[in-house]
S.K.: 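Please read through the structure below; I'll follow up with questions.
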Amino acid sequence: MAKIFCIANQKGGVGKTTTTVNLAAGLAKVGQRVLMVDLDPQGNATMGSGVDKRKLELSVYDVLLESATVKEACVQSPKLVEAGCGYDVLAANRELAGAEVEMVSLERREKRLKTALAAVDADYDFVLIDCPPSLSMLTLNGLCCAHGVIVPMQCEYFALEGLADLVNTIKQVHANLNKDLAIIGLLRVMFDPRITLQQQVSEQLKARFGDKVFDTMIPRNVRLAEAPSYGVPGVVFDPASKGAQAFVTFAQEMVDRIKKM
Ligand code: ADP
Ligand code: MG
């Protein structure tokens, strides 16, 4: 049975997409079967997984509108497969922004992705969903089918403030739509231990959220930022870099955590 995780945070630019593609590649590298679902119309996770969003025949849009199955719509990047980090991609592009509007009049519109993923449950160990930076119908579709939420966050002053909104949202979805949903963990990303404020916020996070804070920290590392322009995750682009190594360690931490779930 696949474990499904949303990578979510209402803020943009906090590292959701970087986390999604590198965790996907890291999990594949340690032998897990992974499906990555891009739920952001910007299609960054699609491009960052080596799939050209301008040339899609089918995408997550078709799946949400039930004109294609996940099996029919998902694709793989040969580059990632060659590197031993291959995973399936349910891709997205601008078209997905329209799904939001088109789904308004549909029945059980927030459960569309859940229904679609049920058909491939046996094919994967992990499904990772890259969410857009908003609490839209798209994000709701992700939260409705997930077992947990991974929240990437930078250890900055306002990070804690934004977190309260996200925690409330997750509580509401848990109460009304998805009893399985829980925050699996907070992932400290773009971390720079030389910055005192970051250390302080990191300590506050641990004091307040305890073991919900992942042990692994993702350092700020330029190789992770460079990788998308080559159409691969950092884990594939430069496996020896600190950022790539941190994501492989994080993948192993996730594998260990789900054994306890
Ligand atoms: P989001 O999906 O939340 O909008 P992204 O993953 O696209 O955020 O990250 C925002 C920017 O920060 C991107 O340019 C990305 O390359 C860069 N970035 C993300 N994580 C790191 C990191 N650990 N080190 C350096 N740059 C990073
Ligand atoms: Mg993103």
Side-chain angles (χ1 to χ4, degrees), residues 5-27 40 42 44-45 48 128-136 139 142-143 146-174 181-228 233-235 241-258 260-261:
F5 298 101
C6 279
I7 292 71
N9 189 323
Q10 289 106 316
K11 284 194 176 188
V14 291
K16 290 182 291 297
T17 299
T18 305
T19 299
T20 307
V21 299
N22 282 286
L23 178 58
L27 286 168
D40 189 337
Q42 290 185 71
N44 293 344
L128 302 180
I129 304 173
D130 188 33
C131 291
S134 62
L135 201 78
S136 57
T139 302
L143 293 176
H147 299 104
V149 184
I150 296 169
V151 185
M153 53 186 305
Q154 293 175 52
C155 291
E156 287 167 354
Y157 180 68
F158 289 115
L160 288 169
E161 215 167 74
L163 199 56
D165 296 340
L166 186 62
V167 169
N168 277 336
T169 301
I170 291 168
K171 276 189 186 150
Q172 278 177 29
V173 174
H174 176 266
L181 189 68
I183 292 194
I184 295 303
L186 307 176
L187 178 67
R188 292 162 288 177
V189 298
M190 300 190 223
F191 193 75
D192 185 345
R194 292 166 303 183
I195 301 176
T196 312
L197 176 66
Q198 293 209 4
Q199 279 179 356
Q200 286 169 349
V201 174
S202 174
E203 288 310 314
Q204 281 174 10
L205 278 179
K206 277 200 278 188
R208 189 142 142 225
F209 295 96
D211 62 5
K212 292 259 182 215
V213 182
F214 288 111
D215 294 333
T216 312
M217 281 188 229
I218 309 299
R220 183 172 285 283
N221 180 248
V222 71
R223 304 300 268 170
L224 292 173
E226 287 168 352
V235 164
S241 65
K242 287 233 156 60
Q245 287 178 347
F247 272 114
V248 175
T249 305
F250 178 48
Q252 193 56 56
E253 185 177 354
M254 282 301 297
V255 171
D256 295 341
R257 281 221 182 191
I258 66 157
K260 298 176 203 151
M261 275 175 78

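Keep in mind the model is a prediction, meaning the values are calculated, not measured.
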S.K.: Could you state the interatomic distance from CD1 (I7) to CG (L128), rounded to the nearest 0.5 Å?
M.R.: 4.5 Å
S.K.: Heavy atoms only: give me the nearest L23-A251 pair and the separation to one decimal.
M.R.: CD1-CA, 3.6 Å
S.K.: Do any pairs count as a ring pair (Phe, Tyr, Trp, His ring centres under 6.0 Å) and have a residue in residues 206-225, sequence neighbours left out, and if so which ones?
M.R.: F214-F250
S.K.: Between V201 and Q198, is there a side-chain heavy-atom distance shorter than 4.5 Å?
M.R.: no
S.K.: Please name the pair of heavy atoms, one in V213 and one in R257, separated by the smallest distance, quoted to 0.1 Å.
M.R.: O-NH2, 3.7 Å
S.K.: From Q252 CD over to D215 CG, what is the distance, rounded to the nearest 0.5 angstrom?
M.R.: 12.5 Å
S.K.: Under 4.5 Å between any side-chain heavy atoms of M261 and I184, yes or no?
M.R.: yes
S.K.: If every non-hydrogen atom of C131 is compared with every non-hydrogen atom of K16, which pair is closest and at what distance?
M.R.: O-CE, 3.5 Å
S.K.: Working to the nearest 0.5 angstrom, can you tell me the gap between Q154 CD and R220 CZ?
M.R.: 6.0 Å
S.K.: If you take all heavy atoms of S134 and T139, which pair is closest and at what distance?
M.R.: O-OG1, 2.8 Å
S.K.: Answer whether the closest heavy-atom distance between the side chains of T169 and Q172 falls below 4.5 Å.
M.R.: no
S.K.: Check the pair M254, I150 against side-chain contact (heavy atoms from CB on, under 4.5 Å), reporting the backbone distance first and the verdict last.
M.R.: CA-CA 10 Å; M254 282 301 297; I150 296 169; 3.8 Å; yes
S.K.: Quick one: side-chain contact (heavy atoms from CB on, under 4.5 Å) partners of V167, sequence neighbours excluded?
M.R.: L163, K171, I183
S.K.: Taking only residues two or more places apart in sequence, or in another chain, which ones meet D211 in a salt bridge (Lys or Arg N to Asp or Glu O under 4.0 Å)?
M.R.: none
S.K.: Which residues pass the salt bridge (Lys or Arg N to Asp or Glu O under 4.0 Å) test with R208, not counting sequence neighbours?
M.R.: none
S.K.: What I'd like to find out is whether the side chain of M190 reaches to under 4.5 Å of the side chain of E156, using heavy atoms alone.
M.R.: no
S.K.: With N221, which residues qualify under side-chain contact (heavy atoms from CB on, under 4.5 Å), at least two apart?
M.R.: R223, L224, S241, K242
S.K.: Taking the side chain as everything from C-beta on, heavy atoms only, tell me whether L160 gets closer than 4.5 Å to L205.
M.R.: yes
S.K.: With heavy-atom distances below 4.5 Å as the criterion, would you say the side chains of T20 and P233 are in contact?
M.R.: no
S.K.: Between atom CD of Q199 and atom SG of C155, what is the distance when rounded to the nearest 0.5 Å?
M.R.: 10.0 Å
S.K.: Which distance, rounded to the nearest 0.5 Å, do you find between the CZ of F5 and the CG of L27?
M.R.: 9.0 Å
S.K.: Of all the heavy-atom pairs spanning V14 and V189, show the shortest one and how long it is.
M.R.: O-CG2, 3.1 Å
S.K.: By side chain to side chain donor-acceptor pair (under 3.5 Å), which residues pair with T18, not counting sequence neighbours?
M.R.: none
S.K.: Ignoring hydrogens, what is the shortest heavy-atom contact between P152 and N9? Give both atom names and the distance.
M.R.: O-ND2, 3.0 Å
S.K.: Would you check if D165 and L135 make a side-chain contact, meaning some heavy-atom pair closer than 4.5 Å?
M.R.: no
S.K.: Find the distance between CD1 (I218) and CG (L187) and round it off to the nearest 0.5 Å.
M.R.: 5.0 Å
S.K.: Taking C-beta and beyond as the side chain, do T216 and F247 meet within less than 4.5 Å on heavy atoms?
M.R.: no
